[in-house]
Amino acid sequence: MPSLTSVNRRQMLSLLGGSIATPLLPGMAFAQEAWPIRTVRYVNGFPAGGATDTLSRILCQKMSELSGQSFVVENRAGAGGVLGGDAVAKSAPDGYTLGLGGIATNVLAIGTYAKLPYDPREGFSFIGGMWQLPNILCARKDLAFTDLKDLLAAIKKEPGKYTYASAGFGTTLHLSGEMMNSMAGVQVNHIPYKGAGPALTDLLGGRVDLLFDNLPGSLPSVRGGQIRPVAVTSRARISDLPDVPAMAEVLPGYEMTSWTAMVGPPDMKPELVAQINALTNKALADPGLKARYADLGASPMPTTPAEMKAFRAAEEARLLPIMQAAGIKPS
């Protein structure tokens with residue numbers, strides 16, 4: 001799988017240089033149009049108030065500051081991001097409608113829906129990465145086993161006894177649990193909820209044993225001592241929770257992160273894509289943005305357009321077999 005921890009310095013300098021308007025010479029047409037010269041609409045296919053909304057607004061605010069034009073977030077929630085993705089895919093390719101793509105819209109939707117209103121592979125311009133966000137495995141406060149090794153050993157002795165909650169069927173949270181079951185050779189029963197809030201409520205109430213959640217959703221309860229963190233699903237430990245192991249420490253090769261991409265409609269001009277990519281990467285490099293992302297457990301994910309498209313394809317190849325093994329069939 002392509003590494004997205006850093007972007008080649010020479011590529012970045014080239015892209016940033018591409019954001020400078022090309023001067024006109026007498027008798028020549030525009031070599032590259034200025035962008036943006038008016039408000040940009042950013043479509044988020046998930047509800048207001050969630051992690052994707054908060055992180056999107058932080059990024060759009062910084063892009064507004066850097067460009068001098070407004071980036072307005074529009075929440076168009078429904079069907080696991082599909083409705084928002086469709087709005088972006090069917091917009092004009094002029095750079096004034098962009099949106100949130102990524103693992104839900106461009107990978108998991110392939111394994112969940114038999115028919116999509118857009119082509120998740122070729123129906124978008126993949127402009128660049130935005131952020132990666134690990135999931136976290138938490139246990140109810142009174143569960144006897146919270147050390148990951150001890151927990152998996154206990155689960156293995158009593159197959160089917162324990163339950164894990166998630167925000168819904170076919171999400172990265174569901175897949176995090178199924179990957180654990182498969183790689184550890186255990187059987188923990190999945191209980192899907194309609195959103196992360198109800199799932200967390202039932203963990204707090206002791207009605208489920210475990211919960212896979214996006215990190216920002218459970219962090220306040222973890223910090224407040226109301227639930228116990230067991231492991232994070234990123235490849236390595238995270239700075240916010242240095243004492244919480246990564247699943248990969250016990251299950252080598254385990255990794256599941258929620259990643260996002262800045263996308264636009266198909267047929268955008270390459271020079272326009274390069275301009276937007278340069279502005280996005282410049283915003284992601286801002287120290288203030290990095291600090292705010294870190295508070296939420298997220299990491300900026302700057303890439304080139306080509307890297308983003310290749311990463312999406314690699315994630316599809318990796319994750320669709322896991323979905324099939326978990327019994328998730330397109331419908």
Side-chain angles (χ1 to χ4, degrees), residues 1-16 18-19 40 42-46 51-63 66 71 73 81 84-85 88 95 98-109 120-135 172 214-216 233-236 238 255-265 268 270 272-287 289-290 292-294 296-319:
M1 182 174 59
S3 172
L4 289 174
T5 56
S6 64
V7 175
N8 181 280
R9 185 176 180 83
R10 186 174 298 171
Q11 290 173 312
M12 281 296 298
L13 290 173
S14 173
L15 286 174
L16 290 173
S19 67
V40 177
Y42 172 99
V43 181
N44 176 11
F46 296 92
T52 60
D53 182 59
T54 301
L55 293 165
S56 291
R57 290 178 187 276
I58 292 171
L59 177 58
C60 285
Q61 178 185 357
K62 181 53 61 177
M63 292 177 75
L66 292 172
F71 283 71
V73 177
V88 175
L98 305 171
L100 183 144
I103 191 168
T105 311
N106 300 102
V107 176
L108 300 186
R121 302 176 181 93
E122 303 297 334
F124 296 88
S125 295
F126 292 93
I127 295 165
M130 294 193 291
W131 66 79
Q132 288 180 308
L133 184 67
N135 299 327
T172 63
N214 287 140
L215 190 59
T233 65
S234 49
R235 188 177 299 177
I238 61 172
E255 183 180 11
M256 182 68 69
T257 58
S258 297
W259 54 268
T260 59
M262 178 76 77
V263 297
M268 291 178 65
L272 177 58
V273 171
Q275 282 183 294
I276 303 171
N277 175 269
L279 179 62
T280 304
N281 287 345
K282 188 174 181 180
L284 292 172
D286 179 78
L289 179 143
K290 286 182 176 180
R292 294 181 70 185
Y293 271 22
L296 295 167
S299 302
M301 194 178 87
T303 75
T304 66
E307 286 172 334
M308 191 67 255
K309 191 168 184 178
F311 182 74
R312 189 221 64 80
E315 285 287 89
E316 178 183 342
R318 184 175 76 96
L319 296 178

Are any side-chain N or O atoms of Asn277 and backbone N or O atoms of Val273, one a donor and one an acceptor, separated by less than 3.5 Å?
no
So, are Glu122 and Lys309 salt-bridged, with charged N and O less than 4.0 Å apart?
yes
Is any side-chain heavy atom of Met308 closer than 4.5 Å to a side-chain heavy atom of Met262?
no
In this structure, CG of Leu133 is separated from CG of Asn214 (nearest 0.5 Å) by 5.0 Å
Under the 3.5 angstrom rule, does the side chain of Thr257 hit a backbone N or O of Pro134 as a donor-acceptor pair?
no
Quick one: do Met256 and Arg235 satisfy side-chain contact (heavy atoms from CB on, under 4.5 Å)? Show the steps, please.
CA-CA 8 Å; Met256 182 68 69; Arg235 188 177 299 177; over 6 Å; no
Side-chain contact test, heavy atoms from C-beta onward, threshold under 4.5 Å: evaluate it for Leu100 versus Met130 and give yes or no.
yes
A side-chain contact here means heavy atoms from C-beta on lying under 4.5 Å apart; do Gln61 and Arg292 qualify?
yes
Less than 4.5 Å apart, side chain to side chain, heavy atoms only: is that true for Phe46 and Asp53?
no
Holding to salt bridge (charged side-chain N to carboxylate O under 4.0 Å, His left out), I want the full list of residues that pass it with Lys62, two or more places apart in sequence or in another chain.
Glu65, Asp286
Are any side-chain N or O atoms of Ser125 and backbone N or O atoms of Pro265, one a donor and one an acceptor, separated by less than 3.5 Å?
yes
Please report the shortest heavy-atom distance between Ala298 and Leu55, naming the atom on each side.
CB-CD2, 3.9 Å
Taking Arg312's backbone N and O only, do any of them form a donor-acceptor pair with Glu315's side chain (distance below 3.5 Å, no angle check)?
no
Hey, are the side chains of Leu289 and Leu59 touching, using non-hydrogen atoms and a 4.5 Å cut-off?
yes
So CG of Leu296 and CG of Leu215: to nearest 0.5 Å the spacing works out to 8.5 Å
Just by modelled atom types, is the Ala236 backbone N or O under 3.5 Å from a matching donor or acceptor in the Ser234 side chain?
yes
Looking at CD1 of Ile103 and OG of Ser258, how far apart are the two atoms once the value is rounded to the nearest 0.5 Å?
6.0 Å
For a quick test of reading the model, state the closest non-hydrogen atom pair linking Gly101 to Val263 and the distance between them.
N-CG2, 3.7 Å
Chi angles and distances behind the side-chain contact (heavy atoms from CB on, under 4.5 Å) call for Glu307, Met301
CA-CA 11 Å; Glu307 286 172 334; Met301 194 178 87; over 6 Å; no
Do Phe126 and Phe311 come within less than 4.5 Å of each other through their side chains, counting heavy atoms only?
no
Flag the pair Pro300 / Tyr293 as yes when at least one side-chain heavy-atom distance between them is below 4.5 Å, and no otherwise.
yes
Distance col, row Ser299:OG vs Leu284:CG, nearest 0.5 angstrom, shows 11.0 Å
Main-chain N/O of Cys60 paired to Tyr42 side chain as donor or acceptor, under 3.5 Å
no
To the nearest 0.5 Å, tell me how far Thr54 OG1 sits from Ile58 CD1.
6.5 Å
Of Val88, Ile127, Thr280, Val43, the one forming a side-chain contact (heavy atoms from CB on, under 4.5 Å) with Leu98 is Ile127
Tell me if a side-chain donor or acceptor on Asn135 pairs with a main-chain N or O of Thr233 at a distance below 3.5 Å.
no
Which heavy atom in Thr52 sits nearest to a heavy atom in Trp131, and how many Å separate them?
O-CH2, 3.7 Å
Could you tell me which residues satisfy ring pair (Phe, Tyr, Trp, His ring centres under 6.0 Å) with Phe124, sequence neighbours excluded, listed by chain and number?
Tyr118
Can you tell me how far the CZ atom of Phe71 sits from the CE atom of Met63, to the nearest 0.5 Å?
4.0 Å
